[in-house]
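Lettering follows sequence order; numbering is per chain, from 1.
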Amino acid sequence: MVAQRVRTRFAPSPTGYLHVGGLRTALYNYLFAKKMKGDFIIRIEDTDQSRKVEDAQQNLIKTLEWAGIVADESPVHGGSFGPYVQSERLHIYREYCDRLLEDKHAYYCFSTSEELEENRQLQLKQGLQPKYNRKWLPEEMGGAMPSSNIRKKMAEGSPYVVRMKVPDYISVWFEDMIRGPVEFDSSTIDDQVLMKSDGFPTYHFASVIDDHLMEFTHIIRGEEWLPSMPKHLLLYEFFGWEPPKFAHLPLLLNPDRSKLSKRQGDVAVEDYIRKGYSCDAIVNFVAMLGWNEGEGTEQEVYALQELIDKFSLERVGKAGAVFNVEKLNWLEKQYIKHRPAADIINTIRPVLASELAKRETLLSVDVITGDHYLEQVIELMRERVGFEHEFVTFSSYFFFEPESYEEEAVKKRWIPETNDLLREFTAELEVLEPFTAETIESALKAFVAPKGLKAAVLIHPLRILASGVSFGPSLYHMLEVLGREAVLRRITKGIEQISVAE
RNA sequence: GGCGUGUUCGUCUAGUGGCCCAGGACAUCGCCCUCUCAAGGCGAAGAUCACGGGUUCGAAUCCCGUACACGCUACCA
């Protein structure tokens with residue numbers, strides 16, 4: 001390794017959205033790099049042109065940055081090792097391909113898809129791992145194909161690929177940073193295609209070359225690449241390069257333990273963003289799927305910087321983890337409970353504006369969109385909401401008149417005297433000074449005591465009239481925030497609308 | 001079929017030869033608090049560690065075998 005500075009990368013294909021599994025891979029790469037005071041790089045692997053999705057590259061980078069994972073180098077940020085998009089580096093792969101051909105580590109192959117498939121089926125029938133039959137391995141490299149046939153094919157302009165030539169005896173052992181020593185059966189290693197007939201390299205070829213040229217010190221990726229390690233190590237050997245350190249992460253699973261997929265739940269990070277989850281909770285949750293601080297630590301809530309400080313690859317587990325949304329929900333609540341009100345205001349302002357555009361409010365818009373009012377709502381509701389947008393949607397009575405009253409609650413809480421009591425208590429509220437939770441509570445208790453009644457006889461009806469529902473924050477504080485005018489209006493309206501038969 | 005990896009409460013996990021027939025969190029249930037809903041506090045239930053052998057004074061931990069799950073087996077990445 002030329003450079004000692006730690007460099008890691010996240011190398012997605014621009015085929016769509018950022019998968020939560022990809023987020024975790026990116027996150028671990030980022031955490032490791034930042035922990036080691038190194039660099040985190042984004043590279044786009046678009047060698048399969050048929051699967052490329054417009055704008056996917058942008059969206060991937062944007063979603064990562066939303067999560068707080070900002071690259072030091074990338075197609076957007078630039079850097080010394082560009083280009084950072086593989087389709088812009090084809091001349092590099094051709095050069096290295098030529099070198100392997102010269103060194104007799106690779107050869108041309110003119111086999112058709114049909115021939116390959118036929119050969120594959122034959123081998124499967126025999127219970128063998130399908131391997132290329134080396135039909136086009138030239139004589140001079142130990143095969144049976146005369147050079148003249150190869151030259152003839154080239155002259156005809158037949159499509160070909162370039163395959164690596166796997167030696168008969170190679171080392172099949174390496175040390176994985178998470179799993180420890182891993183061994184392979186060398187007989188299963190195939191003459192992998194390195195360059196496709198469209199002039200693009202395969203993942204195997206391009207990633208080895210780029211990982212070396214971009215000087216990555218650690219490759220942290222999903223375990224689906226583990227069986228390809230022998231081929232990759234061999235390519236490093238062909239080029240005379242020292243390989244980086246490797247760590248293969250276990251996959252995230254569905255509840256039925258199959259690989260995480262759309263059919264069983266949301267897998268795009270965007271889906272969670274859309275639902276209202278914050279980046280704090282998502283990052284915390286994803287990090288803890290298969291990693292823990294160790295040494296009996298029981299901490300569950302980690303901010304990004306804390307994760308950086310404490311992250312270690314050795315603490316990543318080997319087993320696949322089931323993506324369990326209940327834990328994510330709990331984490332989101334923990335973050336909402338402790339987040340600064342100003343931050344929450346920034347998030348709910350657009351939500352509130354959107355609601356105000358749809359519905360008419362009888363409250364002063366200047367007041368209910370002001371910081372002071374919103375801070376009060378937030379402090380009353382933060383222990384009761386599951387998402388930030390619920391400050392607006394779940395407690396809409398702070399912004400809009402209730403449109404209905406919870407039927408069951410009305411049945412339960414209304415007695416024949418309720419409306420008369422409410423009317424009479426309204427007169428108390430009209431002259432109450434100042435209009436605060438404390439004075440409201442005192443007034444209410446002073447009101448019911450002489451009548452030999454419990455406070456509850458008014459508390460529940462007041463709540464229902466003020467909010468439309470039977471649950472919510474402390475009644476007195478709610479009434480204070482709403483203000484006298486709104487409270488009186490809602491009580492008066494409620495009395496008109498609710499009556500008790502019998 | 002072949003190769004590779006994995007397996008501890010429902011879920012995420014602690015654990016790395018004795019502290020553990022197993023700790024924490026989420027979820028579930030109950031009590032307290034309480035005007036409601038929450039939050040908080042306390043408690044309960046829940047895995048002898050996939051299964052079977054072996055090594056050892058002693059195994060969740062080391063070894064062997066089996067089962068199951070996941071991945072690779074493409075001119076996908």
Side-chain angles (χ1 to χ4, degrees), chain A residues 11-13 15 45-48 50-51 86 109 111-113 116-117 120 123-131 159-163 172 176 179 182-190 192-198 200-204 206-207 221-230 248 250-251 253 255-259 285 288-301 317-331 333 337 380-386 394 409 413 441 444 454-460 462-464 467 469-476:
Chain A
S13 300
T15 52
E45 300 191 327
D46 59 346
T47 51
D48 183 352
S50 67
R51 288 209 285 171
Q86 280 180 335
C109 169
S111 294
T112 63
S113 304
L116 292 172
E117 183 59 27
R120 185 177 299 124
Q123 289 178 316
L124 281 173
K125 274 190 201 145
Q126 296 172 335
L128 301 170
Q129 159 121 337
K131 287 173 70 177
Y160 63 86
V161 300
V162 176
R163 289 179 182 272
V172 288
D176 187 281
R179 301 165 190 274
V182 183
E183 296 182 42
F184 298 87
D185 178 348
S186 62
S187 66
T188 64
I189 303 166
D190 197 15
Q192 172 67 48
V193 172
L194 302 177
M195 292 294 285
K196 298 179 282 186
S197 59
D198 64 0
F200 279 72
T202 59
Y203 163 84
H204 308 282
S207 69
R221 59 192 183 181
E223 71 181 336
E224 68 268 26
W225 295 113
L226 197 49
S228 299
M229 273 305 287
H248 289 90
L251 299 177
L253 307 174
D256 72 354
R257 306 201 74 83
S258 56
K259 183 175 175 178
F285 177 67
M288 298 299 280
L289 284 173
W291 174 87
N292 72 82
E293 189 183 341
E295 314 219 339
T297 301
E298 296 173 351
Q299 184 175 347
E300 300 274 349
V301 180
K318 302 176 189 180
V322 175
F323 196 91
N324 176 10
V325 143
E326 286 170 341
K327 191 85 175 250
L328 174 59
N329 289 337
W330 175 79
L331 278 170
K333 285 182 183 175
K337 283 204 292 190
L380 282 188
M381 293 303 298
R382 72 164 69 224
E383 289 181 346
R384 296 169 171 76
V385 299
F394 188 60
R413 301 296 184 186
E441 179 172 5
L444 188 138
K454 292 186 175 179
V457 77
L458 269 185
I459 285 175
H460 299 297
L462 280 173
R463 178 185 299 285
I464 293 164
S467 69
V469 294
S470 61
F471 51 85
S474 156
L475 174 72
Y476 307 118

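Heavy atoms of P130(A) sit under 4.0 angstrom from at least one base atom. Heavy atoms of V161(A) sit under 4.0 angstrom from at least one base atom. Among the heavy atoms of the strands, none lies under 4.0 Å from V469(A). Counting any heavy atom pair closer than 4.0 Å across all strands shown, R382(A) reaches no nucleic acid atom. Contacts of G290(A) with the nucleic acid, taken as non-hydrogen atoms under 4.0 Å apart, involve only primed sugar atoms and P, OP1 or OP2. Nucleic acid contact class of T112(A) (heavy atoms, under 4.0 Å, all strands): none. Using a 4.0 Å heavy-atom cutoff across all strands shown, T188(A) reaches sugar-phosphate atoms only and no base atom.
Put simply, CZ on R120(A) is 10 Å from C1' on rC75(B), counting in whole angstrom units. Between L194(A) atom CG and rC76(B) atom C1' the separation is 15 Å, expressed in whole Å. Atoms CD (Q123(A)) and P (rU73(B)) sit 15 Å apart, rounded to a whole Å. Distance CD (Q86(A)) to C1' (rA77(B)): 10 Å, rounded to an integer number of Å. rU13(B) atom P lies 6 Å from atom CG of L289(A), rounded to whole Å. Following rounding to the nearest Å, D176(A) (CG) and rG6(B) (C1') show an atom-to-atom distance of 13 Å. Between Y203(A) atom OH and rU73(B) atom C1' the separation is 16 Å, expressed in whole Å. Taking atom CG of L226(A) as the reference point, atom C1' of rU73(B) lies 14 Å away to the nearest angstrom.
Judged by atom type and distance alone, T202(A) does not reach the base of rC75(B) through any side-chain donor-acceptor pair under 3.5 Å.
One P atom belongs to rC75(B), the other to rC70(B), and the distance between them is 25 Å to the nearest Å. Rounded to a whole angstrom, the distance from the P atom of rU13(B) to that of rG52(B) is 25 Å. The C1' atoms of rG46(B) and rG4(B) are separated by 35 Å, rounded to the nearest whole Å. Comparing the same atom, P, in rC42(B) and in rG24(B) gives a spacing of 12 Å after rounding to whole Å. Taking atom P in both rG1(B) and rU61(B), one finds a spacing of 29 Å when rounded to whole Å. When the C1' atom is used for both rA27(B) and rA45(B), the distance is 13 Å, rounded to whole Å. Nucleotides rA50(B) and rA69(B) have their C1' atoms positioned 11 Å apart, rounded to a whole Å. Distance check on atom P: rU5(B) versus rC9(B) gives 23 Å, rounded to whole Å.
T297(A) places no side-chain N or O within donor-acceptor distance of the main-chain N or O of Q299(A), the cut-off being under 3.5 Å. With S111(A) contributing its side chain and L116(A) its backbone, the two residues share no donor-acceptor pair below 3.5 Å. Checked by atom type and distance alone, the side chain of R463(A) never pairs as donor or acceptor with a backbone atom of S474(A) at under 3.5 Å. Remark: the backbone N or O of Q192(A) is not paired with any side-chain donor or acceptor of D190(A) at under 3.5 angstrom. Although no hydrogens or angles enter the test, the distance criterion places no donor-acceptor pair under 3.5 Å between the side chain of N329(A) and the main chain of G386(A).
Taking the side-chain hydrogen bond (donor to acceptor under 3.5 Å, both in side chains) definition, one finds that T15(A) meets it with nothing, sequence neighbours left out. Residues meeting the salt bridge (Lys or Arg N to Asp or Glu O under 4.0 Å) test with D46(A), sequence neighbours left out: K52(A). Residues that satisfy the side-chain hydrogen bond (donor to acceptor under 3.5 Å, both in side chains) test with S113(A), not counting sequence neighbours, are absent from this structure. The side-chain hydrogen bond (donor to acceptor under 3.5 Å, both in side chains) test applied to Q129(A) returns no partner, not counting sequence neighbours.
No more than 12 heavy-atom neighbours from other residues, nucleotides or ligands sit within 6.0 angstrom of OH on Y160(A). A 6.0 Å sphere centred on CD of E183(A) holds no more than 12 heavy atoms belonging to other residues, nucleotides or ligands.
Nucleotide rU48(B) forms no Watson-Crick or G-U wobble pair with any nucleotide shown, as no partner meets the under 3.5 Å limit on both distances. Applying the Watson-Crick and G-U wobble criteria (two distances, each under 3.5 Å), rC29(B) pairs with rG43(B). Pair assignment for rC70(B): rG4(B), on the basis of Watson-Crick or G-U wobble contacts that are both within less than 3.5 Å. The pairing partner recorded for rC19(B) is none, the criterion being a Watson-Crick or G-U wobble arrangement whose two distances lie under 3.5 angstrom. Nucleotide rC9(B) forms a pair with no other nucleotide shown, judged by Watson-Crick or G-U wobble geometry with both contacts under 3.5 Å.
Between V322(A) and S13(A), the residue anchored nearer the 5' end of RNA chain B, judged by the nucleotide with its closest heavy atom, is V322(A). Nearest-nucleotide mapping onto RNA chain B: of P12(A) and F323(A), the residue sitting toward the 5' end is F323(A).
Residue T47(A) places at least one side-chain N or O closer than 4.0 Å to OP1 or OP2 of rA77(B).
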Practice task
Give the B/S/- string for nucleotides 23-46 of chain B, one per nucleotide from 5' to 3', where a protein heavy atom under 4.0 Å of the base yields B, of only the sugar-phosphate yields S, and otherwise -.
Solution key: SBBSS-------BBBBSS------
Practice task
Going 5' to 3' through nucleotides 60-72 of chain B, assign each nucleotide B (protein heavy atom under 4.0 Å from a base atom), S (under 4.0 Å only from sugar-phosphate atoms) or - (no protein heavy atom that close).
Solution key: ---------SSBS
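Just one residue in the list R221(A), E223(A), R179(A), E224(A) forms a side chain to side chain donor-acceptor pair (under 3.5 Å) with H248(A), and that residue is R221(A).
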